[in-house]
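Structure, as structure tokens:
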Protein chains: 2
Amino acid sequence: MATMRDVAILAGVSTATVSHVINGSKRISPETTERVLQAISKVNYRPNTLAKSLRLGQTHTIGVLVEDIRGLPVAAIVSGISETLAKGGYKTIFHDLHLLEKLYNQYEQIGIYRQRINEGLALLQSSNVDGIIYVAMHDRHLDYLFDPMDTPLVFAYSHGTESDTFVTYSNRDSAADMVRFLLGKGHERIAVIAGHPHSYPTGQRLLGIQMAMQQAGLTIPQEYIRYGNWEYDSGLEQTLELLKTDPLPTVIFAMNDLMAAGCMAALLSAGLRIPEDVAVVGFDNREIASYLQPPLTTIALPTPEIGTRAALHIIDMINNPSTHPVREIIHCSIIERESV
Amino acid sequence: MATMRDVAILAGVSTATVSHVINGSKRISPETTERVLQAISKVNYRPNTLAKSLRLGQTHTIGVLVEDIRGLPVAAIVSGISETLAKGGYKTIFHDLHLLEKLYNQYEQIGIYRQRINEGLALLQSSNVDGIIYVAMHDRHLDYLFDPMDTPLVFAYSHGTESDTFVTYSNRDSAADMVRFLLGKGHERIAVIAGHPHSYPTGQRLLGIQMAMQQAGLTIPQEYIRYGNWEYDSGLEQTLELLKTDPLPTVIFAMNDLMAAGCMAALLSAGLRIPEDVAVVGFDNREIASYLQPPLTTIALPTPEIGTRAALHIIDMINNPSTHPVREIIHCSIIERESV
DNA sequence: AACAGGAGGTTAATTTATTAACCGAACGCT
DNA sequence: AGCGTTCGGTTAATAAATTAACCTCCTGTT
């Protein structure tokens, strides 16, 4: 690979002049500029990023640390991140923690989490990244997971603490929106298949649901609220339980599309029609939602926006190191299909 | 950040000694070693990767260029790649071409492809990556898309040319396997919903299907072969056409899961039972396959292996620059569910 | 004529880590 | 005693850029 020195010799000038021509950091006469440019294209010179970064102390590279790229929303977020970073002239160093399997038995394995996360962070820092974006799907409080560090950090999808910058989506308000949507369609007997009882999204979404009901002067009876484990089978099982209630709910709000799919299967096998007898809605807008029979009305996570905003924030933090942490909560949208 | 110089001063030695202690490149007395180690941990020293890479001429970084991370198999492949690279001590620079939208109108836009790909490659090369893995889902011939370069390159998923190293999966043999599997279940009237008529996978899979049939002394009648466009709707439409044949096929082999889903919907709406009246199989093993009613028997792409193998190859090429190109074709496996 | 000042370059220090070449002291051997 | 090794370090060049400081003409002003 040609170096600046080769160019300088060929053009009959010093490396300083070549540098000034490239960066416009000093007036150079048109003739000299032309000679240097000629030389550059002749030897097909490209600046050595390593040398430049070493000298300047910044790499124009952002570390993206993900829990697991195989998680659908993670891939969509990373897509948004990488597009925005590239537009801003930043490169992306990608590191995957491969933590998908362990996603739900979180509290037991907190030590492993902590260790792996900090290894990942150390790796990225040793690559001299200018900033780090952490993309996680889980709902844990992350504050004490992170060793202190001086590299700017933003959380995408998951929450940070109060002193962190993060961008996430609104669990509570989205669930409330959905309830208002259902109310608007004339549904008053709304049943819920929640996720893991103690998880953060479950709590927040339940809160939003109850808020919206209350505002309409309604409540959800205890037997209409059931807890699953986010998986298809639990949606099926809990629906079977719901079918024992009398009167039946007119709509079932499953807290993710997988459980909604299980729910629909149970309903169908009980001979009920969707949405005529019981309507169903989900949460997440996974691929499966549009291929269910009937296609599922659900809530779309604002995944590309989360990525875009997170990337914008990290760039901002690099350029203005003293800015205050920002907490951005992006609204979800309801995707209306035929299950209501 | 502490530098080697800080460590040297604190330990009362030269930077050369510190370097030798860290790299074991020279005998250093136990006492001095101990003093240096103490100093390192005292100032929390970490070697500056940029300086090291600049001096040594290699970054231990691999560029991963993907057409679009939102494509499911791409994310799974990247997962395999990143895991293997990390184990091998390599970092990953990730660059996404965001080409998903344009995936099927390929021939018109070849100029854009070419330009974007080479911009991506140039970007990675300017980051001084030691090697590049290109992950694409499409079936184009890529030979003339790439400007010549000296950085080692391996193709994952898509084909390269004869002179490239690539790892992909077997379209023809997998389709043949599926036919043999169906034959073994007693099916002899096999209908096919193919993908785009002129696409590479369509051609190869059709070839495999006909090969396997021929070996069994059978052929597929012309009216049993229909072409879709890989989308749900086309699976539905083509199944409607197949239902006009007499006798009906006993099984429909859709060349992807989306078309298989459409096919099942058409069958169900025609009052046919799956698999009793007509069985259905797909290709890809997307998430949707396990949630269809009944769950779909399909072919699983060896995505993690493709990633793993590609990563291993690139590492090998870096360490042994003179090795010949290798073409690796990985076998798919049949995922047996309840649609047959 | 003398001097200021600007235009257009160059010199050399700097960023951090690696490593070939070198150097002094201690030790062993005849 | 004299010589050759080995041990345990150090010195300084090197990788490829950036940039403050400096230097030399040349022009314009009084």
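In what follows, chains carry the letters A, B, and so on, assigned in the order in which the sequence lines appear, proteins first and then strands, with residues in each chain numbered from 1. Since we're looking at a predicted model, the values are computed, not measured.
- In this structure, the side chain of A:Thr59 engages the main chain of A:Asn128 through a donor-acceptor pair within 3.5 Å.
- Using a 4.0 Å cut-off between charged side-chain N and carboxylate O, A:Glu83 and A:Lys87 make a salt bridge.
- Residue pairs meeting the ring pair (Phe, Tyr, Trp, His ring centres under 6.0 Å) criterion with at least one partner in residues 17-42 of chain A, sequence neighbours excluded, are absent.
- Each ring pair (Phe, Tyr, Trp, His ring centres under 6.0 Å) pair with one or both residues in residues 73-97 of chain A, not counting sequence neighbours, appears once here: A:His60-A:Tyr90, A:Phe94-B:Phe94.
- For the atom pair CE (A:Met317) and NE2 (A:His313), the distance works out to 9.5 Å, reported to the nearest 0.5 Å.
- The phosphate of C:dG8 has OP1 or OP2 within less than 4.0 Å of a side-chain N or O from A:Arg27.
- Taking every heavy atom of residues 29-54 of chain B and every atom of DNA chain D, pairs under 4.0 Å involve B:Ser29, B:Thr32, B:Leu54, by number.
- At least one donor-acceptor pair under 3.5 Å links the side chain of B:Asn48 to the backbone N or O of B:Ala51.
- For B:Leu56 and C:dA20, the CG to C1' distance is 14 Å, given to the nearest whole Å.
- Looking at residues 5-25 of chain A, you'll see A:Ala16, A:Ser19, A:His20, A:Asn23 sit with a heavy atom under 4.0 Å from some atom of DNA chain D.
- Across the protein-nucleic acid pair, A:Met4 atom CE and C:dT10 atom C1' stand 14 Å apart, rounded to whole Å.
- Among residues two or more places apart in sequence or in another chain, the salt bridge (charged side-chain N to carboxylate O under 4.0 Å, His left out) test is passed with A:Glu305 by none.
- Applying the ring pair (Phe, Tyr, Trp, His ring centres under 6.0 Å) test to every pair with at least one member in residues 40-59 of chain B, sequence neighbours left out, gives no pairs at all.
- Protein atom NE2 of A:His60 is 17 Å distant from nucleotide atom P of D:dA17, rounded to whole Å.
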